[in-house]
Structures are given as structure tokens and as C-alpha cells.
Amino acid sequence: MSHFQRRNGQLHIDNVALADLAAEHGTPAYIYSKAAISEQFLAYQQAMGEQSHLICYAVKANCSLAILNLLAKLGAGFDIVSGGELERVLAAGGLPQNIVFSGVGKSHEEITLALRTGIHCFNVESTAELERIQHIAQGLDIVAPISIRVNPDVDAGTHPYISTGLKENKFGIEIDAVVEVYQRAASLSHLSIKGVDCHIGSQLTEIAPFIDAMDRVLLLIDRLSEVGIAIEHLDLGGGLGVRYQDEHPPAIGDYIQAIRQRLGARNLRLILEPGRSIVANAGVLLTKVEYLKAAGDKNFAIVDAAMNDMLRPALYEAWLDIETVSDNKQAKAVVYDIVGPVCETGDFLGKQRSLAIAEGDLLCIHSCGAYGMSMSSNYNSRPRAVEIMVDDCDSHVIKTRESRADLMRGESLLPDNH
Ligand SMILES: *Cc1c(COP(=O)(O)O)cnc(C)c1O
């Protein structure tokens, strides 16, 4: 069900008018639908049925405490990539035993924190990391639960859009070399082998590459069993795509069905790490038109949100749907580039969009729930936006707008005599 509807010329998120939120809280503002986030998570949960599983929401997609708390209450686990994300999950009520820790650069301090916390599993990305975890775990006399992230080298010829599952990138360990790494892990005193992990990329819009990767990982699990290494869980990572423009990603239920079918009667717990597919289309960025400007044969709508608020268009040339919040019957439709105030030519949110707008009008930028706020910065000394969660006809500020004082926190001038 769509959580965004126009009634009497006013765009609503669930039963709240976006214009009312802008009037009360200002712009730019991130607005999320609690119902939309819950629905997406529950779609994963329900499709798993009887299958033993853990849905570990990928915190980096959107790390807001209120969102983590909402998901924790629904029974989510969490996929983290830093000590900061670990602290957030714990502060939001996430359970240590439902946390998996991914990432190629886990520091000594982060591994120590995770061991002391008692997380479910480290997704180990290199032999050097394996040795480091053993060393730290031995020092603390804690047994570290591990799985190894394998790089299944999914065929780029048939699936050219995959970016992290190929041999030549920094993630995981080559699948052909990994049995030896597992044997090494099995020989170490303070490691306990739990699973096999892979994550082949993001914004995948077909099921086939997931199944290809899974087939390779299942073969690996068989080979490990032959050498006496038992595997409890299969972590297939995240990466299911969403519709931004005209993509047709598989429905969550179909994706899970395909995975369950492939798993058959194997006695493996399934772990998934979805991020984008849970939050992307549950959130929008509200912004106000500051100026309309013509330059040569181009028209610009300069808005009060910018690349520091939403980096994806500038970074990936991502396309986001943009529409007016309130119908403007006086304005006529003109094709605009929607740009922010940041001093970069790359600072755009959308290009060549036909909109009937005037100065002061509000725009709604869709599909901003994932990799929006979590990738925001203070570039150009711009305070980060307010975040609001809508629950049917109520709304709650879940993070206040940063103040200008916040921007200077921790800074100091040099002493006079220097
Ligand atoms: C980013 C990431 C995810 C989440 O990916 P989405 O495309 O947002 O679902 C899951 N696992 C790992 C290891 C990641 O790096």
C-alpha cells in the first residue's frame, strides 16, 4: 500500500499533510512512515514462515535510534559495520545476541567492544582479521563466534550491476581459497565457527544473482562438512533493490520464497541483512523552493536541501522522484534542475523535472529513507535536517534539527601565544 497520497491538492504521508509538518518544523526535513517501515520488515519476517531465521537490518541504511527501536520491537536483529553502530543498536534496545558485525576494517577497540557485548557473530573479511579476533578473544578469554564472508565471484557477464560479489574488490575472501581459512579458524582456540556469509551488492533488481551466490555458498558448506566443519547459519547479506523510478525489483515475499526453495530441507538458519528495502521508500525529504532562476536555456529551482542532506544524486547520479507538496494552480509547468545551495556543480537533487512551482513552494523528494540522513554531512557548515516519524495521524520529532552551535562543538581556537 502506498503511504503517500494526494488529497484535495495536498500530499499526505499516511494521515498527516506534509505541508503541516513543514509549517511546524521547517525545512529541510526527513519524514518517515512508521507503518511503511513496519510493513517492509514484517514482509521479510512473514515470508520466512517456519524457516529458522534472523533478519538483521543493515544499520548503515538509516541509523536513527527511533527506527532501530521500532525494528527491535518487531524482532529484528542488526547488521553493524562499526562500534558507533553497535552503541546505537544497544541504545535503541537491540539485543546483543541478534547482532552481526560486518566490515573490512574492524579495529582492535571495536572487536573488544563487540566481544564484551556478546554479539551473535563476526562476519570476518580477511585472514588478518581472523588472527586479530583470535588474539583479542584469547586475551579476554571469550570465545568469538565467527562466520567468514566469502566472495562468491558471481558472474559479472550475466549480472553486470553487481559490485561487491566479484573477485577483484575489497570485500570478503575468495570462495576457492576459503576452505583453508575455515580450517585455520577451526584450529584456533578462541574462535567458534557459526556460519558462512556473503553480500554481493546493493539495489539488485533480480533474484538470479542471489540464487547463483547461494548455490556457490551451499557447495562450500558441503565441502566444509566433508572436512568436518559444521555450519549453523547461512547469511546471504542484503541488497534487495527498491523502485526509485521504473525498476521492477522482486517482491520481498518472492525473493524469500526463492531462497527457501533453494535451501530445501537443509538444517541451516537463514540470516539476511536488508537495509535499503526496509527503509528507502518509507522516507521522504521535504524541501522549500528558495529561488527560481533562468540561466541560458536552463531553469533552476534552488531549494533549501542540498547534497549534504541527500548525497545519492551527486554521488551515484541516483534518480529520485520529486513532486510538489501542494498544488500550485497559478504556476505553469516548467522544466527545472532542482539544485541546492552548496557551492558545487554536483549539488543537485534532480535534473530536467517538469514542475509547476513558485518561490516558497514545498517539494517532496521521494525514496530518501535509505542512505539519506545516514550519509548526510555538515559540508558548507549546514546543520543536519530534523527527522520526523509519522504514525497514522500523529507525528514525532525523532531527531531535532542541528543548531549552529552544534556545528562548532568540540572546536577551539589556538592559544594566543601560538
Ligand atoms: C550495505 C550492506 C548491507 C545492506 O545493503 P542494502 O542494499 O541496503 O540492503 C548488508 N550487508 C552488508 C555487509 C552491507 O555492506
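Both counts, for ligands and for their atoms, begin at 1 and track the order of listing. Counting begins at 1 with the first residue of the sequence.
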Interfacing atoms of ligand 1 (cut-off 4.0 Å, heavy-atom, [X]):
| X | value |
| --- | --- |
| Ser102 | 13 (C) |
| Gly238 | 9 (O), 10 (C) |
| Arg149 | 13 (C) |

Please confirm whether the ring centroid of Phe4 lies under 6.0 Å from the ring centroid of His366.
yes

Proximity of Tyr255 and Phe210 rings by center, below 6.0 Å:
yes

Ignoring angles and geometry beyond distance, decide whether Glu273 reaches within less than 3.5 Å of ligand 1 through its nitrogen or oxygen atoms.
yes

I'd like to check whether Asp79 has a polar contact with ligand 1, where a contact means an N/O of the residue lying under 3.5 Å from an N/O of the ligand.
yes

Note the single closest protein heavy atom to [atom], along with its residue, its atom name and the distance in Å.
| atom | value |
| --- | --- |
| atom 8 (O) of ligand 1 | Tyr371 OH, 2.6 Å |
| atom 7 (O) of ligand 1 | Ser202 OG, 2.3 Å |
| atom 15 (O) of ligand 1 | Lys60 NZ, 2.7 Å |

With no hydrogens and no angle check, is any side-chain donor or acceptor of [X] less than 3.5 Å from a backbone partner on [Y]?
| X | Y | value |
| --- | --- | --- |
| Glu273 | Val100 | no |
| Glu387 | Thr400 | no |
| His135 | Ile133 | no |
| Asp304 | Glu290 | no |

[X] to ligand 1, any heavy atom closer than 4.0 Å:
| X | result |
| --- | --- |
| Pro274 | yes |
| Gly239 | yes |
| Phe171 | no |

Report yes if the side chains of Leu86 and Leu113 come closer than 4.5 Å at any heavy-atom pair, otherwise no.
yes

For Asn123, which part has a heavy atom under 4.0 Å from ligand 1: side chain, backbone, both, or neither?
neither

Answer side chain, backbone, both or neither: which part of Arg276 comes under 4.0 Å from ligand 1, heavy atoms only.
both

Just one of Arg353, Lys351, Lys298 clears the salt bridge (charged side-chain N to carboxylate O under 4.0 Å, His left out) bar with Asp337, so which one?
Lys298

Does NZ or CZ of Arg384 fall inside the cone over Tyr30's six-membered ring, less than 6.0 Å from its centre and within 45° of the axis?
no

